[in-house]
S.K.: 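Below is a structure I'd like to ask you about.
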Amino acid sequence: MRLSNYFLPILRETPKEAEIVSHRLMLRAGMLRQESAGIYAWLPLGLRVLNKINAIVREEQNRAGAIEMLMPTIQSADLWRESNRYDDYGKEMLRIKDRHEREMLFGPTNEEMVTEIFRAYVRSYKDLPLNLYHIQWKFRDEVRPRFGVMRSREFLMKDAYSFDLDQASAEHSYARMFTAYLRTFARMGLKAIPMRADTGPIGGKLSHEFIILASTGESEVFCHKDFLDFDVPPADIDFNDAKAVGGVVDKWTSRYAATSDMHDASAFGALSSDDQVSARGIEVGHIFYFGTKYSEPMRAVVNGPDGKETPVHMGSYGIGPSRLVAALIEANHDDAGIIWPAAVAPFHVGLANLKVGDAATDAACVDLYAKLTNAGVEVLYDDRDERPGAKFATLDLIGLPTQVIVGPKGLAEGKIEMKDRRTGARETLSPDEVFNKLASSGGA
RNA sequence: CGGGGUAUAGCGCAGCCCGGUAGCGCAUCUGCUUUGGGAGCAGAGGGUCGCAGGUUCGAAUCCUGCUGCCCCGACCA
């Protein structure tokens, strides 16, 4: 992408409403625009990151055996009356009437709807287990939205729903998602720690929040330091093997970890002080097993091997990709701006032409830009007629992992510069060497 | 939902106390000079001062009501 043709509205000054660093940087880097309290437009650069995150989430969900679909944002109130949540949910649910005065709502979550779909088609235990997910916008009318997309009213959520014949197989489904979540966050360069959680209004027995540690996190968390060194399950783990994924859950729940809600000070205090980690965290995922809480009132039943109807055992599994964008920035930034992990970077490479209009510099940039693009490397080519300082500042702000700097001085000696955004390390290389390095690493 | 702020050009702000028809920096546009860490000079454009009432010869400024947004707490992917 040529920057001169792109839409990247960088702000030099920080809008005053932005309090936390991720919100400030998202606004400054032209990723996001607030349209109302807690409601945001995703500008092109922000959308690219969101899509990268979604792609990773999707790959890991699919790998774990979940099946993607797409449910609507608008739901019928009648559906929610079946589970008795229409009244329980309160003012957080945005209620709407259509032209026929029918009561509708903007979905805050999808247990009811997915259960309705399930019961419409599935009759036999032989069709289980089943896990359906979608990535869809949710709306929760938070009392006080804040911190940009960290706590917005409209937010993107990947929500998966599992259906099983009994508790034992439901626990296997839970373990699949648990394992997939560890992998998902690790692929984004995040260390997520599963912590025992309250089940809240969704209800249920078994629940974990996945928390990443960040000094700017919203909640106080406590855990054993062993978590920081645990290995993430490999890509080739057999998700169909209940023992294998169950072992992952056992290992990752074998040490103390709790949010302040669930904190047991005496159990934590019993750890040796070297092992105690008390920090701030951001919740990026939440999984629940809630048995027959919805299947019973909504009559989502299957015939078991014994020929009897039984309500299915369900679980739900949420990840907030829009919140993850902010969480990733909280965990990856410096004074100059964002530092994207390669896996979620909106572009791999920022190519800065330091003297637009200089024939040799232009030619070198255009040539490298074409070659890299053809090799599948995502390049943002800064071909604006700006001074070098402005270009460096822009590239640092938007945080692309690798900067390639082409100017007449270096070019006179056949050299261009490659800079690593995270470490600041610079290499002076020929254009061919730069191309070979970037093409072989896929830009990362 | 309780408490506290705030609203003036795209962004950040001054002006308000003491009423006289709006200004600064950045950004934008034009020209010239510049070009390896957010350039300099000269010029230009851009605002029904959040909305609605009221007081007054006259309101950004004073009064009343409303709304948006932000912050602190209690609640949440």
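Residue numbers begin at 1 in each chain, while the letters A, B, ... track the order of the sequences. Values below: all heavy atoms of this structure, side chains included; hydrogens, waters and symmetry mates excluded.
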S.K.: Looking only at heavy atoms, which two atoms of Ile287(A) and Phe210(A) are closest? And how far apart?
M.R.: CD1-CE1, 3.7 Å
S.K.: Once you round it to whole Å, what is the distance between C1' of A77(B) and CE of Met93(A)?
M.R.: 16 Å
S.K.: Any side-chain heavy-atom pair from Lys391(A) and Arg384(A) closer than 4.5 angstrom?
M.R.: yes
S.K.: Can you tell me how far P of U28(B) sits from CG of Leu11(A), to the nearest Å?
M.R.: 12 Å
S.K.: Compare the minimum distances between each of G38(B), C70(B), G73(B) and the side chain of Thr394(A), then state the nucleotide with the smallest one.
M.R.: G38(B)
S.K.: With Arg95(A) as the cation and Tyr86(A) as the aromatic partner, state whether NZ or CZ is under 6.0 Å from the six-membered ring centre and within 45° of the axis.
M.R.: yes
S.K.: Counting only heavy atoms not in Arg196(A), do more than 12 fall under 6.0 Å of its CZ?
M.R.: no
S.K.: Quiz question: by atom type and distance under 3.5 Å, do the side chains of Tyr133(A) and Asn62(A) form a donor-acceptor pair?
M.R.: yes
S.K.: His286(A) vs Ser207(A), test: side-chain contact (heavy atoms from CB on, under 4.5 Å). Steps then yes/no.
M.R.: CA-CA 7 Å; His286(A) 200 159; Ser207(A) 178; 2.9 Å; yes
S.K.: What's Arg33(A) touching, base or sugar-phosphate or nothing? Going by heavy atoms closer than 4.0 Å.
M.R.: nothing
S.K.: Starting from C1' on A77(B), measure out to CG on Leu50(A) and report it in whole angstrom.
M.R.: 14 Å
S.K.: Using a strict heavy-atom distance below 4.0 Å, which residues from residues 12-24 of chain A are in contact with RNA chain B?
M.R.: Arg12(A), Glu13(A), Thr14(A), Pro15(A), Lys16(A), Glu17(A), Glu19(A)
S.K.: Between the base of G12(B) and the side chain of Arg28(A), is there a donor-acceptor distance below 3.5 Å?
M.R.: no
S.K.: Is Phe155(A) stacked on the base of A77(B), meaning ring centres closer than 5.5 Å and planes within 30 degrees of each other?
M.R.: yes
S.K.: Output, in order, the C-alpha distance, side-chain angles, deciding distance and verdict of ring pair (Phe, Tyr, Trp, His ring centres under 6.0 Å) for His172(A) and Phe178(A).
M.R.: CA-CA 10 Å; His172(A) 179 191; Phe178(A) 188 105; over 10 Å; no
S.K.: Does some side-chain heavy atom of Leu324(A) sit less than 4.5 Å from a side-chain heavy atom of Phe185(A)?
M.R.: yes
S.K.: Let me know the distance between CD of Glu386(A) and P of U35(B), rounded to the nearest Å.
M.R.: 16 Å
S.K.: What is the separation between atom OH on Tyr40(A) and atom P on A77(B), rounded to the nearest whole Å?
M.R.: 18 Å
S.K.: Within the pair Lys91(A) and C1(B), is there a side-chain N or O less than 4.0 Å away from OP1 or OP2?
M.R.: yes
S.K.: How long is the line joining CG of Asp385(A) and C1' of C32(B), in whole Å?
M.R.: 14 Å
S.K.: Find every protein N or O atom lying less than 3.5 Å from an N or O atom of nucleotides 22-24 of chain B, and list the pairs.
M.R.:
none

S.K.: Strictly below 4.0 Å: does Lys409(A) bring a side-chain N or O up to OP1 or OP2 of G36(B)?
M.R.: yes
S.K.: Base, sugar-phosphate, or nothing for Asp396(A), non-hydrogen atoms under 4.0 angstrom?
M.R.: base
S.K.: Let me know the distance between CD1 of Ile405(A) and C1' of G37(B), rounded to the nearest Å.
M.R.: 10 Å
S.K.: Using the six-membered ring of Phe155(A), assess whether NZ or CZ of Arg323(A) lies under 6.0 Å from its centre and within 45 degrees of the ring axis.
M.R.: no
S.K.: Are any of Arg144(A)'s side-chain N or O atoms less than 4.0 Å away from OP1 or OP2 of C75(B)?
M.R.: no
S.K.: Without decimals, in angstroms, what is the distance between Lys355(A) NZ and G37(B) P?
M.R.: 14 Å
S.K.: Give me the ring orientation class for Tyr294(A) and Phe290(A): parallel if the planes are under 30° apart, tilted from 30 to 60°, perpendicular past 60°.
M.R.: perpendicular
